[in-house]
Amino acid sequence: MIATDPTIAPTAVAALPATMRAIVQPRYGGPDILTVDEIPIPPIRADEVLLRVEVAGIDRGTEHLLHGKPLLARFEMGMRVPKRRVPGFDVAGTIVQIGAQVEGFAVGDSVCGIARGSFAEYAPALVTKLAHCPPSVEANIGGTLAISGLTALQALRDAAKLQAGHRVLVLGASGGVGTFAVQIAASMGAEVTAVCRAAKADLVRSLGAARVLDYATTDPTDGTELYDAIIDIGGRRRLRHLRRALVRGGTTVLVGGEGGGPITGGFPGRMARGAILSLFSGRRLTGFVSKERGSDVAVLVAMVACGELRSQIDRVVGLDGVSGALRDLEAGRVCGKVAVRP
């Protein structure tokens, strides 16, 4: 029997198998701990839908949670073992069940956005984190759009207050968030300077960057060039260097953090130091955490549909290829996004 919440509308329960193939994470650790198992199809709540997953996306946040880092996050994720056995957030798929409180969506709708445990054949999702996905939006694009795309959109639009004509510096431009940030900034009329590995320069330039700098040979924050906005993806630059590369009144948005301490990941402390440095300089360094809003997923979908935005797909893998793709992501061998087809 498929486990279902009693608040699910009976007419919404489709004829489904009892089990599904899924990636299972039994504990915290590296990609090699993941297995492909047959497990029960998950139940949904009254405000959720069940999706038949067509495409899921691999993002940096999934890799962090795989390792259970930062440790502070385990208060929510599970202290010794993960509460959620199936990883994955980005999703595109078809609704096969709806909860009793769901409005605006129906069985059979194609949607994309964020789900709980999308590395599986079926996944539950809150409707507030989904948007309708028209036929013009390819599943590989829709299924790799939400997590990285929302971060890029909200960092530029909401945190940096980017305007047409602004000069923006994108640090980490060849990753999942970075490839979206370059495209979105260019579509907003900004002049984009992107920083990445030399081998990825042509790709990043094709996304709309006016200039592409090799991070191995150029320091884009030496103060020679000044920017209205800096999107710092990865968090490895010194805050005072980011500040000196801003015009007066400019904003640096700190998007996540790599290589920080094991307890907090270094991000909260970096945010606090940025706020202090902002007090007297006339230049703002602000921390940022994206919001998982279906309305903003719809904005991204509309940009894709009109040709302003695309996911840069590094490769497409099945469930058996997820561990290898995560290893490559950790090693910096992924350019853009990896699409997973369960």
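What you see is a predicted model; the values in this text were computed from it and never measured. Scope of the values below: all heavy atoms of this structure, side chains included, with no hydrogens, waters or symmetry mates.
- For the pair Leu16 and Leu50, the minimum side-chain heavy-atom distance is below 4.5 Å.
- Ion pair Arg157/Asp296 flagged as a salt bridge, since at least one NZ, NE, NH1 or NH2 atom sits closer than 4.0 Å to an Asp/Glu carboxylate oxygen.
- Counting heavy atoms from C-beta on, the side chains of Phe89 and Ile58 never come closer than 4.5 Å.
- Checked against side-chain contact (heavy atoms from CB on, under 4.5 Å), Lys291 has the following partners two or more places apart in sequence or in another chain: Gln154, Arg293.
- No donor-acceptor distance shorter than 3.5 angstrom exists from the side chain of Asp232 to the backbone of Leu254, with no hydrogens or angles considered.
- Pairs passing the salt bridge (charged side-chain N to carboxylate O under 4.0 Å, His left out) check and including a residue from residues 185-208, sequence neighbours excluded, read Arg167-Glu191, Asp202-Arg205.
- The ring pair (Phe, Tyr, Trp, His ring centres under 6.0 Å) pairs that include a residue from residues 291-322 number zero, where partners must be two or more places apart or lie in different chains.
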Checklist line | Thr19 vs Ile39, side-chain contact (heavy atoms from CB on, under 4.5 Å): CA-CA, chis, key distance, verdict | finding: CA-CA 5 Å; Thr19 61; Ile39 64 174; over 6 Å; no

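- Shortest non-hydrogen contact noted between Val334 and Ala325 is CG2-O, 4.0 Å.
- Judged by distance alone, the side chain of Gln25 and the main-chain N or O of Leu66 form a donor-acceptor pair under 3.5 Å.
- At a threshold of 4.5 Å between non-hydrogen side-chain atoms, the residues Leu319 and Val340 count as touching.
- Looking at every heavy atom in both residues, Pro87 comes nearest to Leu34 through CG-CD2, 4.5 Å.
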Checklist line | side-chain contact (heavy atoms from CB on, under 4.5 Å) between Val55 and Val91, worked out | finding: CA-CA 6 Å; Val55 174; Val91 72; over 6 Å; no

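- Residue Val255 comes nearest to Ala155 through the heavy atom pair CG2-CB, 4.2 Å, listed as atom of the first residue, atom of the second, then distance.
- Between Arg45 and Pro124, the closest side-chain pair of non-hydrogen atoms is not below 4.5 Å.
- The list of salt bridge (charged side-chain N to carboxylate O under 4.0 Å, His left out) pairs with a residue in residues 327-336, not counting sequence neighbours, reads Asp32-Arg327, Arg315-Asp328, Asp328-Arg333.
- Ion pair Arg52/Glu121 not flagged as a salt bridge, since none of the NZ, NE, NH1 or NH2 atoms sits closer than 4.0 Å to an Asp/Glu carboxylate oxygen.
- Side-chain contact between Leu130 and Cys112 is absent, with no heavy-atom pair separated by less than 4.5 Å.
- A 4.5 Å side-chain heavy-atom check between Leu162 and Val168 finds at least one atom pair inside the cut-off.
- Judged as a salt bridge (charged side-chain N to carboxylate O under 4.0 Å, His left out), not a single pair has a partner in residues 100-114 (not counting sequence neighbours).
- Ser323 places a side-chain N or O within donor-acceptor distance of the main-chain N or O of Pro31, the cut-off being under 3.5 Å.
- Within the structure, the salt bridge (charged side-chain N to carboxylate O under 4.0 Å, His left out) test picks out the following pairs touching residues 127-156 (sequence neighbours left out): Lys129-Glu292.
- Taken from CD1 in Ile141 to OG in Ser311, the straight-line distance is 4.5 Å, to the nearest 0.5 Å.
- Of the possible donor and acceptor atoms, none in the side chain of Ser118 sits under 3.5 Å from a partner among the backbone N and O of Ala115.
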Note to self: For a side-chain contact (heavy atoms from CB on, under 4.5 Å) check, start with the C-alpha distance between Leu169 and Ile230, then their side-chain angles and the critical distance, and finish with the verdict.
What the structure shows: CA-CA 5 Å; Leu169 177 68; Ile230 299 173; 4.1 Å; yes

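- Arg244 contributes a side-chain N or O that, together with a main-chain N or O of Thr221, makes up a donor-acceptor pair within less than 3.5 Å.
- Distance OG1/Thr179 to CG/Leu203: 7.5 Å, rounded to 0.5 Å.
- Remark: the backbone N or O of Arg238 is not paired with any side-chain donor or acceptor of His241 at under 3.5 angstrom.
- Clustering of Ile, Leu, Val, Met, Phe, Trp and Tyr side chains at separations under 4.5 Å leaves Leu126 isolated, with no partner residue.
- Not one N or O on the side chain of Asp47 forms a donor-acceptor pair closer than 3.5 Å with the backbone of Gln101.
- The 12-atom threshold is exceeded at CZ of Arg211, counting heavy atoms of other residues, nucleotides or ligands nearer than 6.0 Å.
- Sorted by first and then second residue, the ring pair (Phe, Tyr, Trp, His ring centres under 6.0 Å) pairs involving residues 169-216 (not counting sequence neighbours) form an empty list.
- For the pair Asp320 and Arg21, the salt-bridge criterion is met [side-chain N within less than 4.0 Å of a carboxylate O].
- A donor atom on one side chain and an acceptor atom on the other are found under 3.5 Å apart for Ser148 and Lys337.
- Contact between Gly113 and Val297 at its shortest, heavy atoms only, is CA-CG1, 4.1 Å.
- Of the possible polar contacts, none joining the Thr224 side chain to the Pro220 backbone as a donor-acceptor pair under 3.5 Å is found.
- In this structure, Ala209 and Val182 approach most closely via the heavy-atom pair N-CG1, 3.7 Å.
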Checklist line | Full working for salt bridge (Lys or Arg N to Asp or Glu O under 4.0 Å) between Asp228 and Lys161 | finding: CA-CA 10 Å; Asp228 299 284; Lys161 310 293 185 186; over 6 Å; no

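- Side-chain atoms of Glu308 never come within 3.5 Å of backbone atoms of Val304 as a donor-acceptor pair (strictly under, hydrogens ignored).
- Judged as a ring pair (Phe, Tyr, Trp, His ring centres under 6.0 Å), not a single pair has a partner in residues 307-342 (not counting sequence neighbours).
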Notebook entry, point to check: What do the steps show when you test Leu300 against Ile184 for side-chain contact (heavy atoms from CB on, under 4.5 Å), and what is the final call?
Noted result: CA-CA 9 Å; Leu300 297 170; Ile184 293 171; 4.1 Å; yes

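- Side-chain contacts under 4.5 Å among hydrophobic residues (ILVMFWY), followed directly or transitively, place Val247 together with Leu226.
- The OG1 atom of Thr151 lies 9.0 Å from the CD1 atom of Ile233; values are rounded to the nearest 0.5 Å.
- Applying the side-chain contact (heavy atoms from CB on, under 4.5 Å) test to Ser136 and every residue at least two apart in sequence or in another chain returns Pro134, Ala305.
- Within the structure, the ring pair (Phe, Tyr, Trp, His ring centres under 6.0 Å) test picks out the following pairs touching residues 90-138 (sequence neighbours left out): Phe105-His132.
- At least one donor-acceptor pair closer than 3.5 Å links the side chain of Thr144 to the backbone N or O of Asn140.
- Closest non-hydrogen pair, Ala120 versus Val86, comes out as CB-CG1, 4.1 Å.
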